[in-house]
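The block underneath contains the structure these notes are about, expressed in structure tokens.
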2 protein chains.
Amino acid sequence: MLLRMSTLFLRTLREDPADAEVPSHKLLVRAGYIRRVAPGIYSWLPLGKLVLDNISQVVREEMNRIGAQEVLFPALLPREYYEATGRWTEYGDTLFRLKDRKGADYLLGPTHEELFTDLVQREYSSYKDYPVILYQIQTKYRDEARPRAGILRGREFVMKDSYSFDLDDDGLKRSYELHREAYIRIFDRLGLEYRICSAMSGAMGGSASEEFLAPAENGEDTFVSCRECGYAANAEAVVTPAPPEVTTEHPPLQVLDTPDTPTIESLVTFVNERYGLGITAADTLKNVVVKVRTPGSDEVETLVIGVPGDREVDFKRLEAALSPAVPEIFEAEDFARHPGLVRGYIGPQILKDLGIRYLVDPRVVPGSSWVTGANEPGRHAANVVAGRDFVADGTIEAAEVRSGDPCPRCGGALSLDRGIEIGHIFQLGRKYSDAAGLDALGPDGKPIRITMGSYGIGVSRLVAVLAEQGHDELGLVWPREVAPADVHIVGTGKDNQVEVAVRLAEELEAKGLRVLVDDRPGVSPGVKFKDAELLGMPTILIVGRGLASGVVELRDRASGERQEVPLDEAVDRVVAACRA
Amino acid sequence: MLLRMSTLFLRTLREDPADAEVPSHKLLVRAGYIRRVAPGIYSWLPLGKLVLDNISQVVREEMNRIGAQEVLFPALLPREYYEATGRWTEYGDTLFRLKDRKGADYLLGPTHEELFTDLVQREYSSYKDYPVILYQIQTKYRDEARPRAGILRGREFVMKDSYSFDLDDDGLKRSYELHREAYIRIFDRLGLEYRICSAMSGAMGGSASEEFLAPAENGEDTFVSCRECGYAANAEAVVTPAPPEVTTEHPPLQVLDTPDTPTIESLVTFVNERYGLGITAADTLKNVVVKVRTPGSDEVETLVIGVPGDREVDFKRLEAALSPAVPEIFEAEDFARHPGLVRGYIGPQILKDLGIRYLVDPRVVPGSSWVTGANEPGRHAANVVAGRDFVADGTIEAAEVRSGDPCPRCGGALSLDRGIEIGHIFQLGRKYSDAAGLDALGPDGKPIRITMGSYGIGVSRLVAVLAEQGHDELGLVWPREVAPADVHIVGTGKDNQVEVAVRLAEELEAKGLRVLVDDRPGVSPGVKFKDAELLGMPTILIVGRGLASGVVELRDRASGERQEVPLDEAVDRVVAACRA
């Protein structure tokens with residue numbers, strides 16, 4: 001099917017859309033691949049639909065290759081499935097909920113663990129049936145609080161989700177490994193740059209859950225990697241190596257007058273000047289109060305987090321550490337209700353008496369000594385020793401991770417980068433099979449509880465990620481496998497140039513190439529060249545002024561390389577370029 | 001991708017599912033193509049997904065062939081688009097409505113006229129941009145009051161919807177004709193039996209709207225066809241030819257005592273016996289009261305419909321005639337509120353005085369004389385003459401259509417059949433472009449109001465329709481173009497039969513055929529044969545006992561024809577059968 005610019009439903013824009021901040025969003029809109037319908041909800045125009053289909057096809061082929069079988073579940077789902085696992089409530093506001101005409105509760109599926117588990121339970125019974133891997137490429141819904149960057153984080157999006165069902169842990173590991181390999185093949189075929197990051201804290205580089213992150217300045221995720229040992233993890237999963245416990249004796253706790261020092265910076269300056277302590281921010285203990293809400297419960301817990309004063313609490317790490325409970329900001333009115341908590345001067349010494357749980361950063365080891373709040377306005381305390389003057393209720397990974405922090409595996413320096421999650425593989429274990437009671441009848445007649453894995457790829461997001469990684473100042477630069485066409489032929493519109501362009505297009509199409517030809521009458525060569533750069537097909541063929549002397553110009557969109565080619569060699573040269 | 005029964009996620013059922021009434025529903029569930037998730041909401045299992053994809057592909061190819069361009073809209077849509085056209089309200093309970101986390105109103109798209117209109121309006125401006133045809137194959141949602149028959153009438157379903165945009169009526173006719181031809185090619189390729197029925201009353205066989213109906217006993221739609229002239233129309237669209245007006249003088253209206261004659265049958269018997277009138281039910285005038293509700297308004301109108309007493313009011317025809325207003329049953333409590341309307345004895349003589357609108361069947365022409373109610377319990381009136389004793393406020397097509405009724409085009413006898421709507425093509429005209437103000441700038445600088453067509457195919461419904469038309473007592477019988485595989489190879493499981501079956505499967509796959517092979521160990525030949533018949537691949541190859549003497553058996557699923565084939569000819573013979 002020859003794509004002709006003269007009839008293609010496509011109008012490119014010279015200006016960036018007002019609501020777009022990241023390059024992929026700007027370019028996909030300007031190049032007419034997508035259009036906005038509502039916040040986080042987009043339509044796919046003809047070229048965008050082709051890219052989406054091409055990506056889906058790569059995903060499908062690689063899933064089929066590992067023996068996964070394609071099914072298709074509905075998006076509109078009755079509440080009962082998600083009630084059984086608690087996710088009807090746990091999902092909170094992120095779940096789109098609705099009622100049908102009879103008043104029955106439904107939701108728009110954000111992910112389908114429950115449905116797949118139920119299906120397998122209904123169809124399979126014997127251990128001989130297993131293992132099985134099922135997948136779908138399907139439209140999903142999440143009512144994101146902050147949909148952003150066009151299709152990078154949408155509220156309606158296309159996802160490949162698959163689920164593995166195995167009889168034992170070794171089987172699960174095999175299914176997981178198959179997915180890991182399939183994902184590597186998929187992202188390699190798509191020409192993506194990506195990192196495989198541990199997404200599971202606790203396990204040192206454990207593989208029970210890994211995320212595929214595409215490095216991108218505009219990414220919402222932060223990940224660390226170690227050049228020494230190859231360790232990579234998302235920031236939520238990084239484990240902070242705890243320093244050894246301190247056994248030296250410390251002087252007794254000393255309360256200091258520190259008027260007007262509600263911030264760490266003002267505190268450090270003041271105590272160094274007034275008391276000559278010679279401390280840095282890292283010697284202070286910052287105590288951050290949050291409210292913690294447990295989904296499905298009305299109770300709200302007050303929790304204090306202690307971190308070294310040179311680090312902020314990273315709210316995403318905090319969220320991950322507390323999940324499924326949800327931390328919220330402790331507001332002025334909350335402080336008003338807790339007069340014991342003196343804003344800016346909180347110390348852990350009194351938390352036990354106040355009945356407030358206290359979790360500390362792993363660096364706050366027993367025996368370490370800190371300058372921290374004295375729980376009175378304008379006063380701090382020095383020589384506050386963990387284990388002596390306060391006892392934490394546990395540790396928590398909530399402090400920000402920084403470039404140069406020690407690698408938890410080898411101790412080397414970590415680098416910190418931003419990325420976009422494009423895939424996630426996860427050994428679920430028996431959470432969902434326990435909820436459903438999914439057993440296989442074993443060879444001895446006894447039930448075997450099935451163990452599951454869950455694996456996702458953000459198919460529509462990949463369009464944005466590819467655009468994010470593949471663009472320059474002129475426009476999009478698609479990898480060949482996902483481009484809407486292999487070659488963009490520009491007939492510049494004078495003499496018989498368009499005619500020759502169309503003839504070449506037809507010949508190339510007959511050879512199996514996917515061709516876009518700019519056959520628009522009355523459009524200037526400059527506009528056509530600009531559009532060709534903007535649209536981003538990997539190969540561009542210009543049939544222009546050179547035609548008079550029997551040559552056309554072959555351009556490589558990615559490298560910008562240009563060469564003149566005799567007209568009668570054009571077809572072979574384009575085929576060679578496209579099949580290189 | 002070789003489909004192997006040993007690993008295929010498929011468990012066939014010997015019993016019909018309890019909730020299934022029609023063959024397609026029973027067989028698609030028994031053969032493991034679909035599974036129910038909620039009323040009218042189904043999952044597609046691997047074989048079902050393949051059929052769905054194959055149908056989509058045929059639709060896509062034929063839409064592309066007429067130059068239609070594929071796009072993809074979201075299913076989750078903000079209210080504002082449907083508010084502008086009034087459909088947010090008009091759709092009533094059929095629309096799934098929901099709110100997002102910010103309380104904004106959304107709906108799940110039942111059809112996308114508004115979105116396509118908006119898109120074209122945003123992208124196109126000049127008359128030179130037109131015409132354009134856009135389409136999508138997409139998941140749609142309708143909260144049907146009575147979802148039924150599995151995927152025949154679902155609440156979540158896949159539809160191809162396309163929209164044409166033209167500068168003038170001739171253009172619209174061309175776009176309509178292109179669709180008509182594409183639909184004929186699609187349904188022919190799918191091997192469907194179907195009728196093209198006028199869906200527009202008024203126009204004599206007019207082509208402003210036509211439905212493609214697949215004749216089926218279990219169809220929800222009724223259509224008429226005329227063997228004489230080829231006229232076909234859905235029952236809602238049939239026009240009743242009005243008899244000539246009667247000019248003879250009639251005796252004056254006569255009130256008769258007719259105790260205990262609330263039904264037409266009892267009335268006819270009584271007046272013929274008591275008064276010797278010699279009438280039939282067709283000489284009586286039956287008056288049916290309904291309530292009419294207009295969407296978006298709280299007002300409820302009382303309406304009386306007059307039809308010859310030998311015919312029932314067909315509620316679907318009534319609905320179509322009143323649309324978008326919705327008729328409802330006039331209940332006992334409604335009669336209680338209208339003492340002037342004497343149940344069982346209503347006559348039109350007093351309706352004007354009661355201020356009640358009266359619409360009559362076209363057969364109730366001026367001058368025609370009727371026996372009808374006298375508006376008193378136990379009394380009827382004879383010689384009640386239209387135009388003399390009452391004047392109707394208009395005619396309405398609400399009486400049932402019967403086999404043998406006169407064809408509105410040629411007067412021949414109509415036959416009446418049931419069918420399933422599989423496609424609908426509709427010259428919308430300017431309803432949506434008027435609502436949106438969709439104009440093109442003409443060559444003279446003046447705006448041209450765009451005229452639109454809307455065209456739908458029920459893609460997931462087609463799976464059921466194909467099963468409805470293509471099955472026998474043994475199971476499904478797929479046309480080759482949509483079958484999940486070209487050939488089902490059964491290795492009966494003894495000696496090297498499975499081994500040979502798999503080898504043949506691989507050879508046939510290498511030749512480009514789509515192959516399903518039954519390689520299950522420990523499953524009896526009988527079960528395998530039954531499954532092969534149930535699953536319905538068009539060609540079946542049995543590698544069984546004959547293998548010892550060097551032969552295999554080739555079966556044609558549709559005809560049941562069987563022939564022995566030497567093993568070394570098997571591949572060529574199967575290829576020939578599949579490409580015949």
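In the text below, chain A, chain B and the rest are named by the order of the sequence lines, each starting its count at 1. In what follows, every heavy atom counts, from backbone to side chain, and hydrogens, waters and symmetry copies are set aside.
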Nearest heavy-atom neighbours spanning A/Glu156 and B/Phe73: OE2-O, 4.4 Å
Pick from B/Glu144, B/Arg35, B/Glu61, B/Met1 with the largest number of heavy-atom pairs that fall under 4.5 Å of chain A: B/Arg35
A/Ala104 versus chain B, the contacting section by heavy-atom distance below 4.5 Å: neither
Short side-chain to backbone donor-acceptor contact, B/Asp143 and A/Arg101, under 3.5 Å: yes
Close side-chain approach of B/Leu10 to A/Glu123, heavy-atom, < 4.5 Å: no
Side chain / backbone / both / neither for A/Leu77 at chain B, heavy atoms under 4.5 Å: side chain
Structural part of B/Ile34 lying under 4.5 Å from a heavy atom of chain A: neither
Heavy-atom closest contact (A/Lys49 atom, B/Val71 atom, distance): CE-O, 4.3 Å
Separation of A/Leu76 CG from B/Phe96 CZ (nearest 0.5 Å): 5.0 Å
B/Arg14 atom CZ: more than 12 heavy-atom contacts under 6.0 Å: yes
A/Tyr42 to B/Pro74 - nearest heavy-atom pair and separation: O-CD, 3.5 Å
Interchain contact, A/Arg122 with chain B, by part (heavy-atom threshold 4.5 Å): side chain
Among A/Ala38, A/Gly154, A/Ala75, residue most engaged with chain B (heavy-atom pairs, under 4.5 Å): A/Ala75
Heavy-atom proximity to chain A below 4.5 Å, by part of B/Gln136: neither
Option that, when pairs with chain A are counted at under 4.5 Å, heavy atom only, ranks first among B/Leu8, B/Val132, B/Leu115: B/Leu8
Top contributor to chain A contacts, counting heavy-atom pairs under 4.5 Å, from B/Tyr81, B/Tyr141, B/Tyr124: B/Tyr124
Note, A/Thr139 side chain near B/Thr139 side chain (heavy atom, < 4.5 Å): no
Side chain, backbone, both or neither of B/Arg36 within contact of chain A (heavy atoms, under 4.5 Å): backbone
Winner by heavy-atom pair count (cut-off under 4.5 Å) against chain B, out of A/Thr94, A/Leu119, A/Asn64: A/Leu119
Contact class of A/Leu52 relative to chain B, heavy atoms under 4.5 angstrom: side chain
Proximity breakdown for A/Arg155 and chain B, heavy-atom pairs closer than 4.5 Å: side chain
Polar side-chain atom of A/Gln69 near backbone of B/Pro46 as donor-acceptor pair, under 3.5 Å: no
Under 4.5 Å from any heavy atom of chain A - which part of B/Leu13: neither
CZ on B/Arg11 to CG on A/Asp129, rounded to 0.5 Å: 4.0 Å
Selection from B/Leu45, B/Leu98, B/Leu108, B/Asp100 maximising heavy-atom pairs under 4.5 Å formed with chain A: B/Asp100
